[in-house]
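Step one of this worksheet: look at the structure below.
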Amino acid sequence: MTTRVISVSVPVADQDAAIAFYVQTLGCELRTDVEIWPGARLVEVVPPGSSVALVLLPPDSEIPVAVRLGTTDARAAYDRLREADAVLYNDDVLHLEGAPPMFHFADPDGNGLVYLQEPDGARG
């Protein structure tokens with residue numbers, strides 16, 4: 001069901017200052033800097049040679065601070081977690097324009113996780 005770790009959130013007070021630090025000081029590559037919807041800015045940086053991104057999010061972001069995991073089938077993963085009585089933060093699998101099917105949930109310790117359905121061949 002889980003294919004890989006896609007990204008890990010890092011809470012930051014100022015996304016622009018964080019970009020400067022991670023890119024200029026640490027040598028990461030800026031992969032994504034987009035406004036997903038009004039007020040929700042998604043910033044991802046990637047360390048050299050890594051396929052796992054760091055998502056730089058303000059703690060009050062509407063985008064969940066979470067570990068993002070790939071899955072082969074978001075619907076099957078959602079149903080399996082619901083049957084296991086996992087904490088699900090979405091009423092169903094989300095289908096947002098321009099994004100893969102996804103949903104937000106928690107592990108038994110309350111850590112935020114997101115499953116993103118990966119297209120065939122994208123798993124690494």
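This one's a predicted model, so the numbers in the text were calculated from it and none came from an experiment.
Proximity of Pro64 to Val114: side-chain heavy atoms (C-beta onward) are separated by under 4.5 Å at one or more points. Between Ser7 and Glu44, some side-chain heavy-atom pair lies under the 4.5 Å cut-off. With a 4.5 Å cut-off on side-chain heavy atoms, Gln15 and Pro58 count as touching. Using a 4.5 Å heavy-atom cutoff, the side chains of Val12 and Val10 are in contact. Under the 4.5 Å side-chain criterion, counting only non-hydrogen atoms from C-beta, Asp33 is in contact with Ile19. Leu116 places none of its side-chain heavy atoms less than 4.5 Å from the side chain of Leu69. Between Glu118 and Thr71 the shortest side-chain heavy-atom distance does not fall below 4.5 Å.
With rounding to the nearest 0.5 angstrom, the CG atom of Asp73 is 11.5 Å from the OG1 atom of Thr3. Considering CD of Gln117 and CG of Leu94, their distance stands at 12.5 Å, rounded to 0.5 Å. Annotation: the span from Leu88 atom CG to Asn90 atom CG amounts to 8.0 Å, rounded to 0.5 Å. The structure places OG of Ser61 at 11.0 Å from CZ of Arg41, a figure rounded to the nearest 0.5 Å. Between atom CG of residue Leu42 and atom OG1 of residue Thr32 there is a gap of 6.0 Å, rounded to the nearest 0.5 Å. In this structure, the separation between OG on Ser51 and CD1 on Ile6 is 9.5 Å, given to the nearest 0.5 Å.
Proximity of the aromatic rings of Tyr115 and Phe105 is defined here by a centroid distance below 6.0 angstrom, and this criterion is met.
A pairwise comparison of heavy atoms in Val5 and Val52 identifies O-CG2, 3.5 Å as the closest pair. Heavy-atom minimum distance, Ser50 versus Arg31: O-NH2, 4.4 Å. What you find for Ala106 and Leu113 is that their closest heavy atoms are C-CD1, 4.5 Å.
Checked against Ser9 for a side chain to side chain contact (heavy atoms under 4.5 Å, CB included), the options Leu56, Val67, Leu57 give a single hit: Leu57. A side chain to side chain contact (heavy atoms under 4.5 Å, CB included) with Tyr22 is found for one member of Val43, Leu54, Val46, Leu30 and no other, namely Leu54.
Hydrophobic cluster membership is shared by Val34 and Val55, with clusters built from Ile, Leu, Val, Met, Phe, Trp and Tyr side chains linked at under 4.5 angstrom. There is a path of hydrophobic side-chain contacts, each under 4.5 Å, that joins Trp37 to Val65.
Environment of CG in Asp60: crowded, with over 12 heavy atoms of neighbouring residues, nucleotides or ligands closer than 6.0 Å.
Electrostatic pairing of Arg82 and Asp92 does not count as a salt bridge here, judged by no charged N lying under 4.0 Å from a carboxylate O.
Ring planes of Tyr78 and Phe103: perpendicular class, angle over 60° (limits at 30 and 60°).
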